[in-house]
Amino acid sequence: MKTVMINELNDTFIHKSLRLRGWVYNIRSIGKIWFLIFRDGTGLLQGVVVKNEASEKAFNLESVLKQEDSIIIEGILKKEKRSVGGYEIAIKEIKIVNQSLIEYPISPKIHGTDFLMSNRHLWIRSKKQNAILKIRHMVSKSIRDFFDSNGFTLIDSPIFTANAVEGTTSLFEVDYFEKSAYLSQSGQLYQEAASSAFGRTYCFGPCFRAEKSKTRKHLTEFWMVEPEMAYVELDENMNWAENLVTYIIKSVLTSCKSELTVLGRDLSKLENIVPPFPRITYHEAVDILLSEGYNFERGNDFGSPDETIIASKFEKPVMIHRWPKEIKPFYMKKDSTNPELALGVDMIAPEGFGEIIGGGQREDDINILEKSISHHDLPIEPFKWFLDLRKYGSVPHSGFGLGLERVVAWICNVKYIRETIPFPRTMGRIEP
C-alpha cells in the first residue's frame, strides 16, 4: 500500500489502495454513511466511511473523532468531481495517532480578530490562511527563480547595522556589546557594495521598521527583496521591476489557482498584469489628484488615500518616477535635467493595495553624496565604508525593494497585511 500526500493524487491512483497521514478537518453524518474531511497540509480530501465497507472499528470512530485529531487513513481512491480536488477516498481503516486534549478553539463560527491573532499558531491550519501562506511561498520561490535565472548573485545583507538607510526615527535600537546597533530597515547599502563586486546582486530577508503605525498595511517586521545592479540607470531599473512583478503574477497563476479559488480571487484582475506598465512622473500623479478635486500640496509625499486615487486610474501597477528630492532618501541621485527632482520610482499596485516597490538610481558622485549625508543630519562615520564605494570605480547603479507581504496581500486580495506573514509582529503584538 502506497503512502501519499493529497497534492500528489492523480488519475493513476484511482481504484488503488492508499494510505494518507494527517488530521481531521471536519465530520458530517447521514445515517449509515459518514464523511470525513481530511487534511495533510498539502490539501483537503473527502473520505467516505460506509457501514459494512469500512472496518467496524473505523465506522464506529465517528462519535470519537474530533477536529484536529491526528489520524492515518487507508482506503480506495475514487474520482469524484463534486469533491474538493476532484477525488474522494472510500475509507477502510482509520488509525488514531493522537487525539486533541480539549475542544479545538477555532470553530466554524465567527471569531474576533484579537482571538484569531492570539491563536495564530492554530489559525494557519484553516483553509483561507493556509491558501494565503502557500501563495506567499510561491511568490518567494518565483522571486528567487527570477533573479537566479537572470544572472543575479544572492548576497545576504546583515541584520545588525551601525547606520540608518532612511533616517533613525524608525529604527529599533539594540545594545550591541555596550555599543548602539540597529535592526536593519533595508539591506540596500550592502547590496551597493555587492553589485560593485558581482554586477547584479540581491538580498532577500527580514527588515524592521519602528514606525508607530497601526494601519492595515504596516508591520514592524516584514520581508523584502532588494536587487542592485551596476551600470543600470532609472529607466532600465523600472524595466527590471516591471519584469519581476510580471513573473511573480504568472508563476502564481500557473501554480496556485486552487488557492486563489479558495480565496475567491478574481483571476481576470491578475491575468491583466502584463507589460508594459504605465509610467508617470510625480508631477503627473499630483495632477491626477488635483483633477479629482483632491486637496494636495505639491511637494508632499503621497499617503495611502493618495495612492489609492492615483492607482484607480489604471488597471495595472503604475510606476511613479522623478520625485521631489527633499522627500527621498539621501542616496538618491538627482535628475540632471532638474536638480530639484530625484531619480526615484515607486510602483503602486491597483485595487487600493498601495506601494509595493520603492527604488531608484543611486548617487555615484562622492562629493554630492557627502553633502547629502550632512544635509540629512546623518553622522558621517558609519557611512565611511559606503563612501569608499564611490572612491574605487564608481559607476551608475540602481535598485529597488519589493515588499513581500504587500505583494501577497494584493495577489490574494487580502485587506489586512498581518494575514500574509505566518506570525505577524505589530506595535501591539509580539506573540505567538
Side chains of Val407 and Phe353: closer than 4.5 Å at any heavy-atom pair?
-> no
Residue pair Glu68, Arg39: steps toward the salt bridge (Lys or Arg N to Asp or Glu O under 4.0 Å) verdict | CA-CA 9 Å; Glu68 292 304 320; Arg39 71 171 190 88; 2.7 Å; yes
Inspect the contact between Lys334 and Glu363 and indicate whether a charged nitrogen and a carboxylate oxygen are less than 4.0 angstrom apart.
-> no
Determine the interplanar angle of the Phe330 and Phe386 rings, folded into 0 to 90°, and report it as parallel if under 30°, tilted if 30 to 60°, perpendicular if over 60°.
-> perpendicular
Residue list, side chain to side chain contact (heavy atoms under 4.5 Å, CB included) with Ser126, at least two apart or on another chain | Trp123, Gln129
Salt bridge Glu80-Lys78, side-chain N to carboxylate O under 4.0 Å | no
For residues Val345 and Leu234, determine if any side-chain heavy atom of one lies less than 4.5 Å from a side-chain heavy atom of the other.
-> yes
Ring centres of Phe38 and Tyr25 under 6.0 Å apart?
-> no
Any side chain to side chain donor-acceptor pair (under 3.5 Å) pairs touching residues 256-268, not counting sequence neighbours?
-> Arg265-Glu351, Asp266-Ser268
Do Ser304 and Lys217 have side chains that get closer than 4.5 Å, going by heavy atoms?
-> yes
Given salt bridge (Lys or Arg N to Asp or Glu O under 4.0 Å), test Asp365 with Lys371 step by step and report yes or no.
-> CA-CA 10 Å; Asp365 186 298; Lys371 292 176 182 177; over 6 Å; no
Taking the six-membered ring for Trp and the full ring for Phe, Tyr or His, determine whether the centres of Phe314 and Phe277 are under 6.0 Å apart.
-> no
With sequence neighbours left out, what residues match Asp175 under salt bridge (charged side-chain N to carboxylate O under 4.0 Å, His left out)?
-> none
Can you label the angle between the Tyr190 ring and the Trp385 ring as parallel, tilted or perpendicular, going by 30° and 60°?
-> parallel
Hey, does the Lys NZ or Arg CZ of Arg390 hover above the aromatic six-ring of Tyr392, less than 6.0 Å from the centre and inside 45° of the axis?
-> no
Contacts of type ring pair (Phe, Tyr, Trp, His ring centres under 6.0 Å), residue Phe115, not counting sequence neighbours | His111
Within-4.5 Å side-chain heavy-atom neighbours: Ile6 and Tyr87 | no
Look at Arg136 together with Glu405 and state whether they make a salt bridge at an N to O cut-off of under 4.0 Å.
-> yes
Residue set satisfying side chain to side chain contact (heavy atoms under 4.5 Å, CB included) with Leu122, at least two apart, ordered chain then number -> Tyr104, Pro105, Ile106, Asn119, Arg125
For the residue pair Tyr202 and Phe147, categorise the inter-ring angle as parallel (less than 30°), tilted (30 to 60°) or perpendicular (more than 60°).
-> parallel
Kindly determine whether Glu173 and Ser180 satisfy side-chain hydrogen bond (donor to acceptor under 3.5 Å, both in side chains), including the steps that lead there.
-> CA-CA 7 Å; Glu173 186 173 358; Ser180 288; 2.6 Å; yes
Can you pull the side chain to side chain donor-acceptor pair (under 3.5 Å) pairs that have at least one residue in residues 372-381, sequence neighbours excluded?
-> Glu326-His375, Glu381-Lys384
With the threshold set at 4.0 Å, does a side-chain nitrogen-carboxylate oxygen contact exist between Asp148 and Lys141?
-> no
Value rounded to 0.5 Å, distance of CD1 in Ile14 from CG in Leu9 = 10.0 Å
Show your working on side-chain hydrogen bond (donor to acceptor under 3.5 Å, both in side chains) between Gln361 and His397 and close with a plain yes or no.
-> CA-CA 6 Å; Gln361 188 170 337; His397 59 288; over 6 Å; no
Taking all heavy atoms of Glu419 and all of Arg120, pick out the closest pair and write down the distance.
-> O-NH2, 3.3 Å
Taking the six-membered ring of Phe35, is the NZ or CZ of Arg28 close enough (under 6.0 Å from the centre) and on axis enough (within 45°)?
-> yes
Would you check if Thr3 and Arg21 make a side-chain contact, meaning some heavy-atom pair closer than 4.5 Å?
-> yes
